[in-house]
Amino acid sequence: MDKSLIKILLVAIAINLVALCNGGITSPYVRGVDPSTDMPFNSDVFRPPKGYNAPQQVHITQGDHIGRSVIVSWVTPSEPGTNIIQYGKVHNKTEFEAHCNEVVTYKFYNYTSGFIHHCTIHNLQYNTRYFYQLGSGEVTRQFHFKTPPEVGPDAPYTFGVMGDLGQTYNSNETVEHYVSKGRGQAVLFAGDLSYADHYPFNDQRRWDTWGRFLERSTAYQSWIWAAGNHELDYIPEVLETTPFKPYTTRYHVPYEASGSTSPLWYSIKRASAYIIVLSSYSSFGKYTPQYNWLKQELPKANRSETPWLIVLLHSPWYNSYNYHYMEGETMRVMFEPWFVQNKVDIVFAGHVHGYERSERVSNIEYSIVNGKCTPVSNPSAPVYITIGDGGNIEGRANNFTEPQPDYSAYREASFGHAIFDIKNRTHAHFAWYRNLGKVADVGDSLWLHNRHWLPQ
Ligand SMILES: *[C@@H]1O[C@H](CO)[C@@H](O)[C@H](O)[C@H]1NC(C)=O
Ligand SMILES: *[C@@H]1O[C@H](CO)[C@@H](O)[C@H](O)[C@H]1NC(C)=O
Ligand SMILES: *[C@@H]1O[C@H](CO)[C@@H](O)[C@H](O)[C@H]1NC(C)=O
Ligand SMILES: *[C@@H]1O[C@H](CO)[C@@H](O)[C@H](O)[C@H]1NC(C)=O
Ligand SMILES: *[C@@H]1O[C@H](CO)[C@@H](O)[C@H](O)[C@H]1NC(C)=O
Ligand SMILES: *[C@@H]1O[C@H](CO)[C@@H](O)[C@H](O)[C@H]1NC(C)=O
Ligand SMILES: [Fe+2]
């Protein structure tokens, strides 16, 4: 680069710094001691269920585009066992059976997985509790879930929101707070699940412990998955060269129902929400599959039917921590104009291990000659939430860029989770809870007005 250009850039940066100071709130709250160590293999939350070959790591997710199917997944450790799911609306009474054939195993370096089952239950009624049974004989296990209300503009629905969970003592607190509150009906998960890749050769046993750890929630309500960088499991040195192999083998999503060609990006409708999941770690440049899919997908969100347009992705676009700074920038440049045109309500991201909420801003005016490269207030823009604060082994992000930029409304270096509570087509309440040992405290909250129905 030419020296005078560098000078101009430095001046431009200095002007921007002045223009951008006086941002929002940087919470002074700092948690005392919270070592982010993984719970050991013999922890209570990792204990396999009793009995030979008992189904474990049970998790469910929406199985179609509209919420009338559920994908049930589980692992049997020693042999395939039965593939049949018995289910019905009455406890202990089998009304229906789903017979499935899908059992897979995978190898990773020197690890061989158990038998991974995926079975989709179809034609469920809306807003109905179902009981289901896995396994047979002495190792039969029972669970239940409730289907969402019929897709429609005023169907209230409460989502939990989490990201970057891992399996530390902090992760256990986050999950415990979410589960014990009992308010969330499904979880929007912003990527980075087990952090198995923290260990040599990405010790895949840590995927199994994670599956057992989360069962207390994932067996009873749908978790809507987005993939993060810790799902890549890419180690060419030992010839593990298929990115996302463990994740996509263990966690199925209904991507084909939204015309996607990859489980890493897809959409679903659930109650009054239209949820689009993207992959920060798959190509998204012009003409790529994800780009083409998203371009035709965004206009499909019919706001008369599903007023709330929600996007879930891993690497945040608006992040003022000193961690992963500007990593989301390339995707922002590609897709932000579409988000603004289509009036996305809210974007949930993870990756940065803290909490942050943006103002409604956009940064889409820039062209290579006009120099307009500062975020500006924009009522058509989404609120961006970073919620990578589940509590994983890498610890908290606790170093911010200073001064706090204008676009940043609130940021805090604590672990926690959030509740996104849709009341009707115009109003939703968002609350973020920080972990405080045995209790969780509201750290940040606000009412969101729907961008289509109440744009002021
Ligand atoms: C995890 O949290 C649950 C619920 O609070 C508790 O029963 C369990 O003992 C905790 N496990 C560990 C290893 O901290
Ligand atoms: C269902 O069956 C289990 C195990 O046999 C039993 O413990 C439970 O009480 C039964 N529940 C109902 C509602 O019948
Ligand atoms: C896999 O390799 C690691 C590292 O060499 C070793 O510690 C572990 O015992 C091996 N596991 C199996 C199942 O062979
Ligand atoms: C959008 O949804 C409304 C309400 O369900 C329906 O009446 C309308 O036909 C839909 N519009 C399109 C373009 O599908
Ligand atoms: C925080 O980040 C700044 C800028 O990158 C760096 O100079 C500083 O040393 C960091 N502080 C800590 C405590 O890591
Ligand atoms: C939507 O919910 C908000 C918040 O509960 C409430 O104030 C408002 O009156 C509701 N709107 C309608 C049309 O019911
Ligand atoms: Fe990440």
Side-chain angles (χ1 to χ4, degrees), residues 34-47 65-66 150-155 162-182 189-198 209-210 212-217 225-234 243-244 247 269 271-272 274 278-281 296 298-309 312-317 319 321 323-325 327-328 331 342 348-354 386-397 415 417 425 435-440 452-453:
D34 52 356
S36 276
T37 48
D38 269 0
M39 296 180 282
F41 274 110
N42 62 3
S43 297
D44 49 3
V45 289
F46 297 154
R47 218 171 276 145
H65 204 235
I66 58 172
E150 182 170 5
V151 171
D154 292 303
M162 281 180 247
D164 303 66
L165 197 47
Q167 44 193 298
T168 68
Y169 294 95
N170 294 308
S171 323
N172 196 33
E173 266 188 18
T174 304
V175 172
E176 174 58 16
H177 292 151
Y178 173 66
V179 171
S180 64
K181 212 174 282 138
F189 191 79
D192 284 357
L193 286 68
S194 73
Y195 287 76
D197 63 353
H198 188 82
T209 52
W210 198 80
R212 295 196 290 268
F213 162 44
L214 264 298
E215 195 185 80
R216 73 176 123 149
S217 178
W225 304 107
N229 52 307
H230 289 280
E231 276 68 75
L232 281 158
D233 279 317
Y234 175 72
F244 301 109
Y247 168 68
K269 299 181 204 175
S272 46
Y274 200 100
L278 296 178
S279 172
S280 302
Y281 306 96
Q296 54 83 52
L298 274 163
K300 287 186 187 169
N302 176 350
R303 309 296 275 277
S304 299
E305 189 193 30
T306 48
W308 294 94
L309 181 50
L312 196 55
L313 49 79
H314 188 63
S315 187
W317 296 358
N319 158 35
Y321 282 77
Y323 294 83
H324 303 304
Y325 190 57
E327 282 181 21
M331 189 187 247
N342 291 282
F348 294 112
H351 203 37
V352 176
H353 302 160
T386 300
I387 184 128
D389 57 357
N392 65 70
I393 194 164
E394 293 174 349
R396 265 180 308 156
F415 291 131
H417 77 280
R425 74 182 68 190
N435 294 353
L436 279 177
K438 292 242 177 282
V439 294
H452 178 82
W453 290 99

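Values reported hereafter were calculated over all heavy atoms of this structure, with side chains retained and with hydrogens, waters and symmetry mates removed. In what follows, residues are counted from 1 in the order of the sequence shown. Quick caveat, the model's predicted, so the values are computed rather than measured. When a ligand or atom number is given, it counts from 1 through the structure's own listing order.
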Original post:
Does His230 put an N, O or S atom under 2.8 Å from the Fe ion (ligand 7)?
Top reply: no
Original post:
Is the distance from the Fe ion (ligand 7) to the nearest N/O/S atom of His324 under 2.8 Å?
Top reply: no
Original post:
Does Ser43, backbone or side chain, put an N or O under 3.5 Å from an N or O of ligand 1?
Top reply: no
Original post:
Taking distance alone, with no angle check, do Asp44 and ligand 1 share an N/O pair under 3.5 Å?
Top reply: yes
Original post:
Any N/O/S atom of Ser315 sitting less than 2.8 Å from the Fe ion (ligand 7), backbone or side chain?
Top reply: no
Original post:
Thinking salt bridges, do Lys269 and Glu305 make one under a 4.0 Å N-O criterion?
Top reply: yes
Subject >> Residue that, paired with Val45, satisfies side chain to side chain contact (heavy atoms under 4.5 Å, CB included) out of Arg216, Arg212, Glu215, Glu176 >> reply: Arg216
**OP:** For Tyr169, take its heavy atoms, then give the atoms of ligand 1 lying under 4.0 Å from any of them.
**Re:** 13 (C), 14 (O)
Original post:
Nearest protein heavy atom to atom 7 (O) of ligand 4: under 4.0 Å?
Top reply: no
**OP:** Using atom types as modelled and distance alone, determine if a side-chain donor or acceptor of Ser43 lies under 3.5 Å from a backbone N or O of Pro40.
**Re:** yes
Subject >> Exam field: side chain Gln167 to backbone Ser194, donor-acceptor pair closer than 3.5 Å >> reply: yes
Original post:
Is Asp164 close enough to the Fe ion (ligand 7) to have an N, O or S atom under 2.8 Å?
Top reply: no
Original post:
Is the backbone of Gly166 close enough, under 3.5 Å, to the side chain of Trp210 for a donor and an acceptor to pair up by distance?
Top reply: yes
Original post:
Which angle, to the nearest 10 degrees, do you find at the Fe ion (ligand 7) between NE2 in His314 and OD1 in Asn229?
Top reply: 90°
Original post:
What protein heavy atom sits nearest atom 2 (O) of ligand 1, and how far off is it?
Top reply: Asn172 ND2, 2.3 Å
Subject >> Which residue and heavy atom of the protein sit nearest atom 4 (C) of ligand 1, plus the separation >> reply: Glu176 OE1, 3.4 Å
Subject >> Any donor-acceptor pair under 3.5 Å from Asp192 side chain to His351 backbone >> reply: no
Original post:
Hey, does Ser304 come in under 3.5 Å of ligand 4, counting only N/O atoms on both sides?
Top reply: no
Original post:
Are His198 and Glu394 linked by a side-chain donor-acceptor pair shorter than 3.5 Å?
Top reply: no
Subject >> Ligand-side contact atoms (ligand 4) for residue partner Asn302, heavy atom cut-off under 4.0 Å >> reply: 1 (C), 2 (O), 3 (C), 8 (C), 10 (C), 11 (N), 12 (C), 14 (O)
Original post:
Does the pair Asn435 and Thr174 meet the rule for a side-chain hydrogen bond (donor to acceptor under 3.5 Å, both in side chains), with working shown?
Top reply: CA-CA 7 Å; Asn435 294 353; Thr174 304; 2.9 Å; yes
**OP:** Would you mind naming the N, O or S atom of Asp192 nearest to the Fe ion (ligand 7)?
**Re:** OD2
**OP:** Would you kindly say whether His314 and Asn229 are connected by a side-chain donor-acceptor distance under 3.5 Å?
**Re:** yes
Subject >> Closest His351 atom to the Fe ion (ligand 7) [N, O or S only] >> reply: ND1
Original post:
If only atom types and distance count, is the side chain of Ser171 paired as donor or acceptor with the main-chain N or O of Gly391 below 3.5 Å?
Top reply: yes
